[in-house]
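Computation of the quantities below employed the complete heavy-atom set of this structure, encompassing side-chain atoms and omitting hydrogens, waters and symmetry-equivalent molecules. Both counts, for ligands and for their atoms, begin at 1 and track the order of listing.
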Amino acid sequence: MNQKEVTPKNIVLIGFMGSGKSTVGRELHQRLGYSLTDMDHLIEETMGKKITEIFKEEGEKAFRDFETLQLIEIAKQTDTRHIISTGGGIVIRPENRSLLRKLGYVVWLDAPEEIIFERTSRNRDRPLLNKKNARQRITELLAEREPWYRETAHLKVDTKGLDSGEIAAGILESARYFFTQPA
Ligand code: S3P
């Protein structure tokens with residue numbers, strides 16, 4: 001992971017669909033009392049539509065443009081002591097990756113492929129995986145995105161075998177260390 005560049009006390013969660021970002025985000029929010037922004041929820045609220053509808057009616061590019069706009073807004077408004085949980089594709093765009101790192105301590109939640117498949121096949125909320133070959137799509141997208149998660153994150157957490165409380169405790173310990181180091 002790259003060198004630290006900024007010190008605002010925000011924790012930014014990145015990782016593939018089904019890696020547990022929303023659940024861990026809520027856990028961190030409860031433990032720290034920092035406000036919680038779930039970017040997917042914010043996009044749905046602002047656009048007044050579910051993500052599946054946005055993809056269907058306006059296409060992926062429109063969703064990605066909106067996602068970047070939201071991130072720019074969040075970066076402008078967010079000072080310190082926030083948890084930001086992102087959508088799995090936020091790392092696709094280079095400008096997003098650099099904004100995320102400026103926003104705070106970026107934590108990549110990594111989960112085994114079979115767990116991702118099991119979790120994401122429980123519902124049809126993820127347009128990129130609402131296909132017959134979902135398993136194959138996961139393999140491809142993971143291979144494509146992994147270098148971007150690695151490049152963006154200050155910390156990678158291997159979540160295998162850990163519950164959300166254990167994951168949050170680990171993040172807090174390393175975040176505490178990170179935030180107390182000189183830039
Ligand atoms: C996406 C992940 C989703 C959501 C959208 C696109 C992706 O968020 O933003 O369906 O490209 O990986 P989650 O990671 O919260 O499922």
Please identify which atoms of ligand 1 are closer than 4.0 Å to at least one heavy atom of [X].
{"X": "Gly87", "value": "8 (O), 9 (O), 14 (O)"}
{"X": "Pro127", "value": "10 (O)"}
{"X": "Ile51", "value": "5 (C), 10 (O)"}

Practice item. Would you check whether Gly88 has a nitrogen or oxygen atom less than 3.5 angstrom from a nitrogen or oxygen atom of ligand 1? Key: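 Min N/O separation from ligand 1 is below 3.5 Å for Gly88.
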
Review point. Do you know the tightest heavy-atom contact between Pro8 and Asp79?
Key: CB-O, 3.6 Å

Review point. Looking at Tyr34 and Arg81, what are the two nearest heavy atoms and their distance?
Key: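 The pair with the smallest heavy-atom distance is CB-O, 3.3 Å.
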
Nearest protein heavy-atom contact for [atom]: which residue, which atom, what distance?
{"atom": "atom 7 (C) of ligand 1", "result": "Gly89 N, 3.3 Å"}
{"atom": "atom 11 (O) of ligand 1", "result": "Arg64 NH2, 2.6 Å"}
{"atom": "atom 12 (O) of ligand 1", "result": "Arg145 NH1, 2.7 Å"}
{"atom": "atom 14 (O) of ligand 1", "result": "Lys21 NZ, 2.6 Å"}
{"atom": "atom 16 (O) of ligand 1", "result": "Arg126 NE, 2.7 Å"}
{"atom": "atom 8 (O) of ligand 1", "result": "Asp40 OD2, 2.6 Å"}

Check your understanding: With a cut-off of 6.0 Å (strictly less than), are more than 12 heavy atoms of other residues, nucleotides or ligands near CD of Glu173?
Key -> no

**Study point:** Glu44 side chain vs Lys50 backbone, donor-acceptor pair below 3.5 Å
**Key:** no

Practice item. May I ask you to decide if Val157's main-chain N or O and Asp110's side chain share a donor-acceptor pair within less than 3.5 Å? Key: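 A pair under 3.5 Å: no.
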
Review point. When you look for heavy atoms under 4.0 Å from ligand 1, do you find them on the side chain of Met39, its backbone, both, or neither?
Key: neither

Exercise for review: Would you mind telling me if ligand 1 is within reach of the side chain of Leu128, the backbone, both or neither, using heavy atoms under 4.0 Å?
Suggested key: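 Looking at Leu128 and ligand 1, just side chain atoms fall under 4.0 Å.
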
Point to revise | Pairs touching residues 84-96 that satisfy salt bridge (charged side-chain N to carboxylate O under 4.0 Å, His left out), sequence neighbours left out | key: Asp65-Arg93

**Study point:** Any residue meeting side-chain contact (heavy atoms from CB on, under 4.5 Å) with Asn123, in chain and number order, not counting sequence neighbours
**Key:** Asp125, Arg126

Review point. Any salt bridge between Lys56 and Glu53, counting N to O under 4.0 Å?
Key: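 Here Lys56 does not pair with Glu53 in a salt bridge, since their nearest N and O are not under 4.0 Å apart.
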
